[in-house]
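The structure appears right after this line, and notes come after that.
Order of listing sets the numbers, starting from 1, for every ligand and every atom in it.
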Amino acid sequence: MSNKTTCAVVGGGPAGLFLGLLLARAGVEVTVLEKHGDFLRDFRGDTVHPVTMRLLDELGLFERFDQLPHSIVERGQFDVDGRLVTLVDFRRLRSMPHPYVAMVPQWDLLDLIADAGKAEPTFSVRMQHDVTGLLRDGDRVTGVRYTSPDGPGELRADLVVGCDGRTSAVRRDARLPSREYPVPFDVWWFRLPRGKEALFSLIPRTRPGRALIMIPREGYFQIAYLIPKGSDAELRARGLDAFHRELAEMIPESSPEAVTSWDDVKMLDVRLDRLRRWHGDGVLCIGDAAHAMSPVGGVGINLAIADAVAAAGILAQPLRTKTLTSKDLAAVRRRRIVPTVATQSVQRLLHRFLLSSVVQGNEAVRPPAAVLSLMERIPQLTAIPAYIVGVGLMPQHAPDFARR
Ligand SMILES: Cc1cc2nc3c(=O)[nH]c(=O)nc-3n(C[C@H](O)[C@H](O)[C@H](O)COP(=O)(O)OP(=O)(O)OC[C@H]3O[C@@H](n4cnc5c(N)ncnc54)[C@H](O)[C@@H]3O)c2cc1C
């Protein structure tokens, strides 16, 4: 196995695999290093938005994607005293070829992208390669250090891209300064069986002190259950019976006893932060490694993929011709900073005005009555939040070299 590549991509999540595939389609030699042995982890979220499906079309991968097991979400509705009011209607996104959100287990999507990458001669992915630090020549980053089942190793590269998520080792070792924003909740992540007639809800179901989102997967619901930040141990100490009672109240159509032990309930630490600078000499961060996203709105995957598309469009040519400069790396942040800041700002507003109040035990804050009645009277307005969530600011298209 060669210990030299052109671009070392650290992390085989959505950002890393899309970046690897696109660069390889430009003929750049690219090596993706993923610390796990497979993509089968269930805590990444499943929402694939219209803008990402349009990208899959452009990459010639939509047909294969469409064959993956998935559910379709066309609307987001809000329960107002037993009446369902539509607030978000993706079907109104008439310029989008696939105007809905596809709920696809993320490991299936990642397998598909990794397979498409393997069809390119300059792409390789190394599983069970845990990157532990950066190699340097003076101030310049020249590669990565990793551990694998064969022991420790080094991979030299013209560029290292950190796509290693919220706890990025690349970001840490590159000493890129970041800004943290407080988040009022963590998430309990677990499964409940899914009856045939069960409804799912991507707009949170709330009760004072509690909120949850139900993600439909084949044969079960993946539940994201919001708890006040730092309250995990205290809530577990109240016992499983108390938890079952709460669940039965919030999801009467499911069977809470399916959670048989606290081991079934994973605690996910939710963070929201952003690097002030996304690059150093020879190194760049994108996706959650550059800006950790909250699960609110289910946009993080799509934003990470958009970062990868933008980065590939900017970096492919200078990487191929060995003319990469810090200016090229800075251009990636410039291209992506507006949608990133805008999306995180909306998430922070929702944290502060909706979720913070709910997890502190208050009644859920409803959208103002005037907004609800306006949406009912002029349903065309539901296209606006659908555009913000499903397409977003500055949507990215596949560069010509990556289209099939
Ligand atoms: C509870 C929760 C639920 C969410 N739900 C949704 C949702 O429904 N929809 C949505 O769009 N977003 C959701 N998000 C946000 C979303 O998960 C992230 O924004 C998105 O996964 C970012 O993609 P990424 O490729 O940048 O990083 P990640 O998906 O975190 O991928 C990073 C990859 O790097 C690998 N890695 C890490 N360290 C190393 C290392 N040292 N060496 C090698 N490999 C390494 C990891 O194993 C992983 O495969 C959720 C977030 C949370 C916390």
**Heteroatom distance test (D269, ligand 1): nitrogen or oxygen, under 3.5 angstrom** = no

**Prompt:** So is H49 close enough to ligand 1, meaning a heavy atom under 4.0 angstrom away?
**Reply:** no

N/O donor to acceptor pairs below 3.5 angstrom from side-chain atoms of residues 154-162, sequence neighbours left out:
unit_1: R156; atom_1: NH1; unit_2: T142; atom_2: OG1; d: 3.3
unit_1: D158; atom_1: OD1; unit_2: K4; atom_2: NZ; d: 3.3
unit_1: D158; atom_1: OD2; unit_2: K322; atom_2: NZ; d: 2.8

**Prompt:** Is the closest heavy atom of P14 to ligand 1 under 4.0 Å?
**Reply:** yes

**Message:** So that I can tick it off, tell me whether D241 and R245 are bridged by a salt bridge, with the cut-off set at under 4.0 angstrom between side-chain N and carboxylate O.
**Reply:** no

**Message:** For the aromatic rings, using the six-membered ring if either is Trp, is the centroid distance between F190 and F221 under 6.0 Å?
**Reply:** no

**Asked** Taking distance alone, with no angle check, do A169 and ligand 1 share an N/O pair under 3.5 Å?
**Response** no

**Asked** Counting heavy atoms only, which part of D288 comes closer than 4.0 Å to ligand 1: side chain, backbone, both or neither?
**Response** both

**Prompt:** Can you list the ligand 1 atoms lying under 4.0 Å from a non-hydrogen atom of H129?
**Reply:** 42 (N), 43 (C)

**Item:** F62 ring center within less than 6.0 Å of H98 ring center
**Value:** yes

**Request:** Cation-pi check, R191 to Y220: give yes when NZ or CZ is under 6.0 Å from the six-membered ring centre and within 45° of the ring axis, no otherwise.
**Result:** yes

**Request:** Report yes if some N/O of H36 lies less than 3.5 Å from some N/O of ligand 1; otherwise report no.
**Result:** yes

**Heteroatom distance test (V131, ligand 1): nitrogen or oxygen, under 3.5 angstrom** = yes

**Request:** Pick one of side chain, backbone, both or neither for how L33 approaches ligand 1, counting any non-hydrogen atom pair under 4.0 Å.
**Result:** backbone

**Request:** Taking atom CD of E234 as the centre, report whether more than 12 heavy atoms of other residues, nucleotides or ligands fall under 6.0 Å from it.
**Result:** no

**Asked** Does the N or O separation between S294 and ligand 1 drop below 3.5 Å for any pair?
**Response** no

**Pick from G13, G165, A290: the one approaching atom 27 (O) of ligand 1 most closely through a non-hydrogen atom** = G165

**Request:** Return yes or no for this condition: an N or O of R166 is under 3.5 Å from an N or O of ligand 1.
**Result:** no

**Request:** Looking only at distances, please establish whether an N/O atom of ligand 1 is found under 3.5 Å from an N/O atom of A15.
**Result:** yes

**Prompt:** Counting only N and O atoms by type, is there a donor-acceptor contact under 3.5 Å from the side chain of H49 to the main-chain atoms of A102?
**Reply:** no

**Request:** Any atoms of ligand 1 less than 4.0 Å from a non-hydrogen atom of G287? List them with their elements.
**Result:** 26 (O)

**Request:** Return a yes/no value for A289: is any of its N or O atoms, backbone included, closer than 3.5 angstrom to an N or O of ligand 1?
**Result:** no

**Asked** Is the distance between the ring centroids of Y225 and W189 less than 6.0 Å?
**Response** no

**Basic-acidic side-chain contact under 4.0 Å: D111, R64** = no

**Fill in**
Within 4.0 Å of some non-hydrogen atom of L268, the atoms of ligand 1 are 1 (C)

**Asked** Using heavy atoms and a threshold below 4.0 Å, how should the contact between D46 and ligand 1 be classified: side chain, backbone, both, or neither?
**Response** backbone

**Asked** In ligand 1, which numbered atoms sit nearer than 4.0 Å to a non-hydrogen atom of G11?
**Response** 33 (C), 34 (O), 35 (C), 44 (N)

**Item:** Numbering as shown, the atoms of ligand 1 that approach G298 to under 4.0 Å (heavy-atom distance)
**Value:** 7 (C), 9 (N), 10 (C), 11 (O)

**Message:** What I want to find out is whether D269 reaches R166 closely enough, with some N-O distance under 4.0 Å, to be called a salt bridge.
**Reply:** no

**Prompt:** ligand 1 versus C163, non-hydrogen atoms closer than 4.0 Å: side chain, backbone, both, neither?
**Reply:** backbone

**Request:** State the atoms of ligand 1, each with its element, that fall below the 4.0 Å cut-off from a heavy-atom position in D130.
**Result:** 40 (C), 41 (N), 42 (N)

**Message:** Is there a polar contact between ligand 1 and A304, counting only N or O atoms under 3.5 Å apart?
**Reply:** no

**Asked** What atoms of ligand 1 come within less than 4.0 Å of a heavy atom belonging to N302?
**Response** 11 (O)

**Asked** Side chain of D164, backbone of V170: donor and acceptor closer than 3.5 Å?
**Response** yes

**Prompt:** Does L303 approach ligand 1 within less than 4.0 angstrom via side chain, backbone, both or neither, non-hydrogen atoms only?
**Reply:** neither

**Message:** Does either side chain, that of R274 or that of Q344, offer a donor lying less than 3.5 Å from an acceptor on the other one?
**Reply:** yes

**Request:** Taking only Lys NZ, Arg NE, NH1 and NH2, and the carboxylate oxygens of Asp or Glu, determine whether R83 and E376 approach each other closer than 4.0 Å.
**Result:** yes

**Asked** Within a strict 4.5 Å, meaning less than it, do heavy atoms of the H70 and I72 side chains meet?
**Response** yes

